[in-house]
Undergrad: 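Would you mind keeping the following structure in view while I ask a few things?
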Amino acid sequence: MINKRTSFLISSFLFCSLCNAQTIKNQQPISIIVNDWSSQIVLAHITGYILNSVGYKTKYSFSTINEQWGSLSQGIDHVQVEVWEGTMSTMFERVITSGNVIDAGSHKATTREEWWYPSYMDELCPDLPDWRALNKCSALFSNDDSNIGRYVAGPWEKPEAARIRALDLNFKIDTVNKADDLWSELKHAITHNKPIVLFNWTPNWVEAVYEGKFVEFPEYHIDCEIDPKWGINPNFHYDCGNPKNGFLKKAVWAGLKDGWPCAFNIIKNISFDNQIISDLAAAVDFKRLSYEQAAKQWLNENEHIWHRWIPTTCEVGNMP
Ligand code: TMO
């Protein structure tokens, strides 16, 4: 039996195969992946509202960064707007090679994910940001009677344990469950001028509000991950930091290109820079707007930016 919706879809496809302009669009909702940190969630909503404004239906689908590649490869989800080199490049390259996912281009922003400390630590531990200072000051960073420093890690899988081993750091890892727990640790430490070193990244809200620095580990090189002989420790991988100037990409399910061509072209054109992403994260994590409010406010104030991302063949309707 063909229901109303299916027949509408079929007729709209037939109609559109006869016309050039994509005035009638595939009405199956585009599923946009939502992860668990603020800028990604706001960018996902901005992308959704832009697609709505030209007549597409959208839905949001929560996924961890590990689980998202399966649903994106199978077309269960369709769009990921923040692919970070530091946490996702290995899986990203794998699904691109499989052909099930398409690289929809880079944002203007460059990224870095790394150990970070507030700048009052420069006085307490003067050799920072050089990584060798960490062991000289490990007792400062301790949260018990030992001289073992405490590194507060985020809930995203990173080779922190391998780095601690390869660089012989006198540190233990405390992994939090969610991004907000990182920020409450950070705010608490800053309020009390207490030593802290934690996982952070840029662009993020932290740089819009606090002064601080990334720890400078030995410069990243791909061989550091695959050849133990590379670097200062000949026996272990990961005797280096994370990439600096990492990419920030968009990725889409391969079927989006033919199923929702106008959406595909819009997503390819979408590009955020570091400043905008940092401001959007601060709107949520510091100014306490909701993700939707932050997205709508940005869209209202920046039509001159996002209207340019919509190809002239895609009709512009009203905002939802
Ligand atoms: C992927 N992340 C920005 C949380 O490091």
Side-chain angles (χ1 to χ4, degrees), residues 32-47 61-69 71-72 77 79-95 101 103-104 106-117 151-163 173-186 197-210 212-215 217 220 225 238 240-251 270-286 291 294:
I32 301 170
I33 292 172
V34 168
N35 298 132
D36 51 357
W37 65 95
S38 297
S39 67
Q40 198 280 345
I41 305 174
V42 178
L43 261 57
H45 283 85
I46 289 176
T47 302
S61 167
F62 174 79
S63 179
T64 66
I65 61 178
N66 289 337
E67 287 162 352
Q68 66 191 357
W69 303 112
S71 63
L72 203 57
D77 294 319
V79 182
Q80 163 57 280
V81 291
E82 277 195 15
V83 178
W84 287 65
E85 178 169 348
T87 26
M88 302 184 212
S89 63
T90 309
M91 280 308 297
F92 175 71
E93 268 141 39
R94 202 172 296 170
V95 293
V101 174
D103 178 345
S106 295
H107 291 281
K108 192 169 177 217
T110 58
T111 59
R112 185 172 180 189
E113 298 155 90
E114 196 56 276
W115 295 35
W116 187 96
Y117 62 91
Y151 167 69
V152 188
W156 310 278
E157 221 170 278
K158 304 284 296 176
E160 308 291 14
R163 177 172 303 120
I173 303 170
D174 228 340
T175 304
V176 300
N177 291 319
K178 53 186 195 301
D180 265 345
D181 296 342
L182 282 177
W183 313 143
S184 48
E185 291 265 0
L186 177 63
V197 58
L198 81 170
F199 182 64
N200 186 17
W201 58 86
T202 184
N204 192 12
W205 72 274
V206 174
E207 72 215 54
V209 179
Y210 298 126
K213 289 187 191 129
F214 290 112
V215 173
F217 289 107
Y220 173 83
E225 287 182 20
Y238 289 109
C240 62
N242 290 307
K244 296 176 190 171
N245 299 313
F247 65 65
L248 186 66
K249 281 178 177 288
K250 300 150 287 173
I270 288 177
S271 174
F272 289 94
D273 63 20
N274 288 65
Q275 184 70 54
I276 299 174
I277 294 174
S278 168
D279 289 347
L280 289 171
V284 174
D285 289 325
F286 192 65
Y291 304 117

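We count ligands from 1, going down the list as the structure has it; atoms in each ligand are counted the same way.
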Undergrad: Considering only non-hydrogen protein atoms, determine which one is nearest to atom 1 (C) of ligand 1 and report residue, atom name and distance to 0.1 Å.
TA: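 Protein heavy atom with the smallest distance to atom 1 (C) of ligand 1: T87 OG1, 3.2 Å.
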
Undergrad: Please lay out, stage by stage, how N200 and E207 fare under the test side chain to side chain donor-acceptor pair (under 3.5 Å).
TA: CA-CA 10 Å; N200 186 17; E207 72 215 54; over 6 Å; no

Undergrad: Can you name the atoms of ligand 1, numbered from 1 with element, that are less than 4.0 Å from a heavy atom of W156?
TA: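 Counting atoms of ligand 1 from 1, those under 4.0 Å from W156 are 4 (C).
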
Undergrad: Can you list the ligand 1 atoms lying under 4.0 Å from a non-hydrogen atom of W84?
TA: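 Close to W84: 1 (C), 3 (C).
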
Undergrad: Going by atom types only, do N204 and W37 share a side-chain donor-acceptor pair under 3.5 Å?
TA: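 No donor-acceptor contact under 3.5 Å links the two side chains.
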
Undergrad: Within the distance-only criterion (no hydrogens, no angle test), does the side chain of T111 pair as donor or acceptor with the backbone N or O of F247 below 3.5 angstrom?
TA: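 Between the backbone of F247 and the side chain of T111 there is a qualifying donor-acceptor contact (under 3.5 Å).
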
Undergrad: Which residue and non-hydrogen atom of the protein lie closest to atom 2 (N) of ligand 1, and at what distance in Å?
TA: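 Checked against all protein heavy atoms, atom 2 (N) of ligand 1 sits closest to E113 OE1, 3.5 Å.
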
Undergrad: Which ligand 1 atoms, with their elements, are less than 4.0 angstrom from a heavy-atom of F199?
TA: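 Every atom of ligand 1 under 4.0 Å from some heavy atom of F199: 5 (O).
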
Undergrad: Any salt bridge linking K249 with D103? Criterion: basic side-chain nitrogen under 4.0 Å from a carboxylate oxygen.
TA: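 Answer for the salt bridge query: yes.
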
Undergrad: When the ring centroid of W183 is compared with that of F286, is the distance short of 6.0 Å?
TA: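 Not close enough - the centres of the two rings lie 6.0 Å or further apart.
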
